[in-house]
There are 2 protein chains.
Amino acid sequence: MSILPCLAFAVTPTTFPDAAASDPAKLGWMVGSPPPPERTVRFADGSYFQFPAMRWSVSNFRQLMPTVNVSRGLGEPVALESALRQDIDALSFTPLGAQQSMTWEQSLAATYTDGIVVLHRGKLVYERYFGVLGPQGQHAAMSVTKSVVGTLGATLVAEGQIDDNKRVVEYVPELAGSAFGNATVRQVLDMTTGLKFSEDYADPKADVWAHGRAGSPLPFAKDYTGPRSYFEYLQTVQPQGEHGAAFAYKTVNTDVLGWIIARATGRNVAQLLSERIWSRLGAEQDGYFTVDSIGTPFAGGGLNTGLRDLARFGEMLRNDGRFNGQQIVPKAVIDDIRRGGDKQAFAKAGYDLLKGWSYRSMWWVTDKEGGAFMARGVYGQRIYVDPKAELVIVRYASHPVAANAANDPVTLPAFEALARYLSR
Amino acid sequence: MSILPCLAFAVTPTTFPDAAASDPAKLGWMVGSPPPPERTVRFADGSYFQFPAMRWSVSNFRQLMPTVNVSRGLGEPVALESALRQDIDALSFTPLGAQQSMTWEQSLAATYTDGIVVLHRGKLVYERYFGVLGPQGQHAAMSVTKSVVGTLGATLVAEGQIDDNKRVVEYVPELAGSAFGNATVRQVLDMTTGLKFSEDYADPKADVWAHGRAGSPLPFAKDYTGPRSYFEYLQTVQPQGEHGAAFAYKTVNTDVLGWIIARATGRNVAQLLSERIWSRLGAEQDGYFTVDSIGTPFAGGGLNTGLRDLARFGEMLRNDGRFNGQQIVPKAVIDDIRRGGDKQAFAKAGYDLLKGWSYRSMWWVTDKEGGAFMARGVYGQRIYVDPKAELVIVRYASHPVAANAANDPVTLPAFEALARYLSR
């Protein structure tokens, strides 16, 4: 988004008010004309990403910064068939490492959920909204964006428009001098590039800060001499280690994929997502991407959508790419994701809670039988597609801690418990 | 929007490339990844509002600055019934002050039209797009926004939620020390307030600059001590002359109306426009408002919409406020606008081309029999509602000259010729 969320994150305290106490609707952020100063969220001072103000911001990014539309087209939305169930709230499970069980309903507050939709066998069985999010609203997908962009990239590979064995430099000559130049497109798609790029938010010298600064839509300081767009930043990323050896989750890979897609198709990721997917899903709402100062959509994390539309996207994937009477994504793409990526490469990244998982085309592939896969965004964003359980779960959230390790101990067993429960 | 368009306008040359030579699609603004530097439009440097770059910008404001959604709701769009006519292009008329006639088709280029839709007896008889605007896109309405906000204000008056005889200070106590405090709401609605506020773009000391600076979403300079939002700015406007004596077109009146509406309803104009009108029109697309740094929609000129949706809005007005099976705006509001405002007060403003017209509830009311009325925005934006001719014309444009006096000699006779032609 910009450097500011990272700055804000670095100084956030380690204990936080709970979901009820930090409810952005109850706190009244940006309510009033004008809102009271202590409830005013401004982009330029960085306050917008401090908890709990960020609980308002994640549903209102377009009010803070420039964005580009992802049009749903002009046609009729296609309704999700409703078969709501009242029994899910009472479902009980035990969080990882916990002594006591928790209900599904309790898990929503524990994960600071802003909205959650569950589709089972294609029908809407569960839907809840909290705080300032409703069915008519668009929430930040954060790094769920990566999986959406990865799906576009894998589609172009399946169609032969992009050759994932080719070197990145063949699509983007400007990256010749960077770490990306001699990586293959597949290594970018699977994030096994060897990059000198730290995403450690707690480190004020982490590269992710410079990345955000380059991508900021705000004017650059007079004495600023660094890169002034995402594209300029990517050219500065240096190698570290060898490509293909280990999975290393780095946002810049997705920005490079966005660049490759733009060069291969003449469309940026916002345009392509609209043309290829959003306008064919029967979506209810347009989505949008945040953009940098030259209009580049932030492929690594800038997507915002309606929650039900994200569910339509997930359901399309669950149905082998077919939805709304059309083959939207080739079945081969879904098959490939479900088979997963290089598990040994993944293991080297050391995710304690994700043992046996892998990463493929910017999707997190679980160790579950049947190839359940997941999109994961900081602060708790998720798409969970479980083909075997005929289940799709999409969640938007505003957890005070960015890292998903903070909510996985609740999220992972909750989703698995629901899959088991609905499959009984 | 901000001070920047005004700055840009002040330095624009007096001759310009024609519509074809300045076509933003042909010029390729913001095409490429990245676009070439000479075709890159940036917000922060003000280049976005220099002609011909502004021909791209007016269809892409959300890519340049923060905005707030005007939701169409989640339902099905209601199609406009199509009865396209091929004969309109050849319609001939004589521009004011011209020796030679011009065809309707020629008038589109002469006015740098980006898109135009004509509804006759409720059917779509004409629709054209140029440059970077299409049916699926949102264009700046500029001061057409005022008429939309005026319609909301007049609706609240008709419903008794706002008393237009009351003083502004009764709704917005903060305006007590400004020129607005002792004006009536009606004087604000009809722009007969006596204000020390110059909108002369050619004058670098004009107040409109300070207004734009206060409303800019960009960070304020360290040494800046002025107002930091539209609301703060409005409190600084001082009186000049007496209220009620003369029509004087000043954008700040609409910003004050927006504030009054917010206080009366608890909704800002973006929320209220969505709830009251946009979500009931069967609109195809969401609209949006640009916002200042504290999220205030720019009531005086910040609306952007799809062109067909603006046509739906116009058609609703033509039908006495009834559209899509619902009474959306009270008939009394339309009746009142059609009766017009104070013609003597209007005459004092000295519009040579608009003799006999008046201004009512932020609509320009013509001298035509039957009370045809018009919304007018700089650079050529228009809604023309002619109840007698059963005609609605909506036009989005990017004329190089802001003042409508530059396109009225073509626009006014063109619209009247079409009204006569279709009424034969």
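Because the structure is a prediction, the values reported are computed rather than measured. Lettering follows sequence order; numbering is per chain, from 1.
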Pick from [options]: which one has the most heavy-atom pairs with chain B under 4.5 Å?
options	value
A/Ser229, A/Gly306, A/Pro219, A/Ala283	A/Pro219
A/Gly75, A/Gly258, A/Pro77, A/Gly32	A/Pro77
A/Arg62, A/Glu76, A/Glu284	A/Arg62

Practice item. Going by the ring-ring contact (aromatic ring centres under 6.0 Å, His included) test, name the single residue among B/Tyr171, B/Phe231, B/Phe180 that passes it with B/Trp259. Key: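 Of the listed options, the one satisfying the test is B/Phe231.
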Practice item. Determine, stepwise, if the pair A/Leu273 / A/Leu152 fulfils side-chain contact (heavy atoms from CB on, under 4.5 Å). Key: CA-CA 7 Å; A/Leu273 179 59; A/Leu152 289 174; 4.1 Å; yes
Region of [X] that comes under 4.5 Å of a non-hydrogen atom in chain A:
X	value
B/Arg72	side chain
B/Leu64	backbone
B/Thr67	both
B/Pro135	both

Student check: side-chain heavy atoms of [X] and [Y] closer than 4.5 Å:
X	Y	answer
A/Trp56	A/Gln63	yes
A/Ile162	A/Ile261	yes
A/Val169	A/Leu175	no

Check your understanding: Going through the distances and angles, do B/Thr305 and B/Asp309 end up as a side chain to side chain donor-acceptor pair (under 3.5 Å)?
Key -> CA-CA 7 Å; B/Thr305 79; B/Asp309 290 334; over 6 Å; no
Check your understanding: If you count heavy-atom pairs under 4.5 Å with chain A, which of B/Met30, B/Gln138, B/Arg263 comes out on top?
Key ->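 Between B/Met30, B/Gln138, B/Arg263, the count favours B/Arg263.
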Check your understanding: Using a cut-off of under 4.5 Å for heavy-atom pairs, which of B/Leu74, B/Thr296, B/Val68 has the most such pairs with chain A?
Key ->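 The option with the most such pairs is B/Leu74.
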Relative to chain B, which segment of [X] carries a heavy atom at a distance below 4.5 Å: side chain, backbone, both, or neither?
X	value
A/Gln285	side chain
A/Asn60	neither
A/Ser274	side chain
A/Glu232	neither
A/Arg308	side chain
A/Val41	backbone
A/Ser33	both

Exercise for review: Let me know which of A/Leu272, A/Ile260, A/Leu257 forms a side-chain contact (heavy atoms from CB on, under 4.5 Å) with A/Leu156.
Suggested key: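 Testing A/Leu156 for a side-chain contact (heavy atoms from CB on, under 4.5 Å) against A/Leu272, A/Ile260, A/Leu257 leaves exactly one candidate, A/Leu272.
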Check your understanding: Which of these passes side-chain contact (heavy atoms from CB on, under 4.5 Å) with A/Phe298: A/Asp255, A/Thr254, A/Val291, A/Leu303?
Key ->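 Of A/Asp255, A/Thr254, A/Val291, A/Leu303, side-chain contact (heavy atoms from CB on, under 4.5 Å) with A/Phe298 is met by A/Asp255 alone.
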Point to revise | Separation of A/Tyr396 OH from A/Asn304 CG (nearest 0.5 Å) | key: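 It comes to 7.0 Å.
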Check your understanding: When you check the side-chain N and O atoms of B/Ser71 and B/Asn69, is any donor under 3.5 Å from an acceptor?
Key ->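 Side-chain D/A pair, B/Ser71 to B/Asn69: absent.
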